[in-house]
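See below for the structure under consideration.
All values below were derived from every heavy atom in this structure, side-chain atoms included, with hydrogens, water molecules and symmetry-related copies excluded. We name chains A, B, ... by the order of the sequence lines, and we start the count at 1 in each one.
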Number of protein chains: 2
Amino acid sequence: MAERGGTEDVRRRNLSAVLTAVHRSGPLTRAALVQRCNLTRSTMGALVGELADLGLVYETDAGAARVGRPSPLVHANERVVALAVNPDVDAVTVGVVGLGGKVHRRIRYATSSVPSLDEAVNITRAVVEGLAVELEGTRHILGVGLAVPGLVNADKGVVRLAPHLGWKDVDVVGPFREALATPAMAANDATLGTLAESIFGAAAGYQDALYLNGSASGIGGGAMVGGRPLSGSSGYAGEFGHMVVQPGGEACHCGRRGCLETEVNLERLLHVAGLDHADAEQLEDALLSGPSFPVLREIRRQADVLAVALSNLVNVFNPEVIVLGGFLGALFAADGDRLSAAVATAPISGLGAEVRLARAALGAELLLVGAAEAVFAGVLAEPRQVAAG
Amino acid sequence: MAERGGTEDVRRRNLSAVLTAVHRSGPLTRAALVQRCNLTRSTMGALVGELADLGLVYETDAGAARVGRPSPLVHANERVVALAVNPDVDAVTVGVVGLGGKVHRRIRYATSSVPSLDEAVNITRAVVEGLAVELEGTRHILGVGLAVPGLVNADKGVVRLAPHLGWKDVDVVGPFREALATPAMAANDATLGTLAESIFGAAAGYQDALYLNGSASGIGGGAMVGGRPLSGSSGYAGEFGHMVVQPGGEACHCGRRGCLETEVNLERLLHVAGLDHADAEQLEDALLSGPSFPVLREIRRQADVLAVALSNLVNVFNPEVIVLGGFLGALFAADGDRLSAAVATAPISGLGAEVRLARAALGAELLLVGAAEAVFAGVLAEPRQVAAG
DNA sequence: ATGCTATGTTTACGTCCAGCACAAACAACG
DNA sequence: CGTTGTTTGTGCTGGACGTAAACATAGCAT
């Protein structure tokens, strides 16, 4: 409703469309961009020229030789970067991510205890200073994106509650912005994971996707509806872990009983497998290669409970694909058929039959890519303003 | 991504913004439109002029006399109408709805048995022919919108399954289009109810809203996310009635156990109240004016179960408001505090505290307004094309 | 070497909105 | 009752932008 009406807006939208296309789909010829964006060759020439002047894209000589005039490839400039930070209970991971989605550097800074906000800021500053030489070569640092395991009000840049970090009602964006002297933004880690998987991962190309991630600290997730991330009114949407699937079940730290994450969790899997530590590969080994009967039984139990939650979500969202990450991905690898079958048959009348289940594809880079994407959203929407600043 | 780039698109968008504003918010002065749409007075003059030429709006002399040059009011032309049809188990309701949301006529054609598709088409044709004289006065019939109680693929115009009507995998749009010689579209009744409440009803002005409706045939609903209706990949989203809230509970017709609508339903309420028929007023009387102890107990039980479902939905969507319609509205009236309290405290850390519960506001006109809105969506998006056709 | 084909570039043109100056209509004030 | 001030619609000019069409270019095919 409150769209700006001017002619200026047209140019902005077109620049945005072109930049977004090369960012998401990788290098494209001008001709390909003309098709995708539904513009003429002359307009595309002007747009690519302007983006190149802004330093956001560059052109290289054509790759595939073909009949007709060779068309140079338009690349998103990977030297335009975002910093990405993921504070967690035992480490702060910092990344440098280029436009186009490439993770240039990923540094996991292990901590001896759960990091406070100040510690996270200091660690990030130290790591970034250590990369100073490397960052010299980049054209532009657009900002820093924070992927926080907890409830985050993205608009205000405030962490409402991050139980495992012990952060509560704190402004996280401010300290990072001042420490790094660059724009900062924060969002829930699972929400950003959803974004990353839907752009570069297992949900790429789908308009309606769900993402559920299982970690030691619980189950989080997010949704893409009609190609847009579901944020909710304050950015808290996607707390799938606290869907009640077993009324009167075990008490959850949220105060209710029988939440999904009290029934389906990593700890129980590790317990029956006789493992102590949450190591992804070890767990996968234990679940996949000749699991013992108790392990099998627990896998089936958790798969059945998860299936109920997934069926509910299918009934609510009618998605094209559901992506499972973390230990939920391992669970899917271990008993995917059971999960698929339950999801496909349980909801009303074949509704679920069209839903594809998939395992997350981005692995360790997931949150860095997602956090960077939150930063890139600014340039992608308004290439002129942000590149100038 | 595939937005048309032309300058023509700017005009289309501005025309759309202006028409949408007067359609949703009622008569507005040009000055008000200038503010809302963020355009200049001269541009607004051209836009209103063009919309008036197209017959979509008209101007009347100013209402409130005020300092300054009097400003005429721009009205959406209520003589531009959509037909709305709601087939149900015991009646086919046909409506004539004008731009601006006014229901000109509403005719409930009772049937002795559950109507087949052919019967529904014939009844509609007969009713519309009976209104021929009246419709002469209208400027333009834009099309017919169908609100169907069941799973509808809105893109294809196909009813996948309407259990209570006994319709299954049938093209409903085709027959209506041919019978009435006008464009036709179909959607799920609850989805359209959501649309109606979010534009003209209790959820007006909210960007993120949920709607749950309880009828004799179950519980349906829909969501508005970021101001857009949540449709899902095939248009089946919003089947809240089949969220499992009581695993191992009573069997549901969908094949699972403990679905929301097996636990929270009209029949049980009528039973404890000693009523036979599903009359809205009688039910409300029974629930509100000195209910017996068994009735009170059932109200509290259903409210508690509903609260769990609502909490889950709050965790998933983080909405601003939840609108309850049908017997759920009566339930809310009877035990609103219990419901509000449960929703506000149950989900994690005050997340739910910001959610407002409200009762549906549109009553009997709900589905007609919603179905018409689905038709109006076309003109609102592209005023030029549709008005010309 | 010549033609073919797909692509980039230049130019004239039409569309559209912003900004400015002006006119119209009414209220407030003396 | 007339003057002044305020708000709002209208006409006009200029600038920004995309389109269409003709032209230029660069490699492949024969």
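Projected onto DNA chain D by closest heavy-atom contact, A:S42 and A:R69 fall at different nucleotides, the more 5' of which corresponds to A:S42. The residue among B:G45 and A:R41 whose nearest nucleotide of DNA chain D lies closer to the 5′ end is B:G45.
In this structure, CG of A:L47 is placed 9 Å from P of D:dT19, rounded to the nearest angstrom. Between the CG atom of A:D9 and the P atom of C:dA18 there is a distance of 10 Å, rounded to whole Å. Rounded to whole Å, the distance from CG on A:D61 to P on D:dT25 is 17 Å. Atoms CZ (A:R11) and P (D:dA16) sit 11 Å apart, rounded to a whole Å. Regarding A:R13, its CZ atom lies at a distance of 15 Å from the P atom of C:dC16, rounded to whole Å. Taking atom CE of residue A:M44 and atom C1' of nucleotide D:dC17, one finds them 14 Å apart after rounding to whole Å. Put simply, CD on B:E50 is 9 Å from P on C:dC17, counting in whole angstrom units. Counting to the nearest Å, the P atom of C:dT7 and the CG atom of A:L73 are 12 Å from each other.
Between B:N14 and C:dC17, a side-chain N or O to OP1/OP2 separation shorter than 4.0 Å is present. Contact annotation: A:T40 side-chain N/O to D:dT19 OP1/OP2 distance is under 4.0 Å. In this structure, A:S71 reaches the C:dG8 phosphate: one of its side-chain N or O atoms is under 4.0 Å from OP1 or OP2.
A donor-acceptor pair under 3.5 Å is formed between the side chain of A:E197 and the backbone N or O of A:A361.
Considering only side-chain atoms of B:V10, the nucleotide from D:dT19, C:dG8, C:dC16 that sits closest is C:dC16. Comparing atom distances between the A:P70 side chain and each of C:dC17, D:dG27, D:dG9 picks out D:dG27 as nearest. In this structure, the nucleotide among D:dT19, D:dG18, D:dG9 sitting nearest to the side chain of B:R30 is D:dG9. Each of C:dC16, D:dT10, D:dG18 was ranked by its minimum atom distance to the side chain of B:R384; first place goes to C:dC16.
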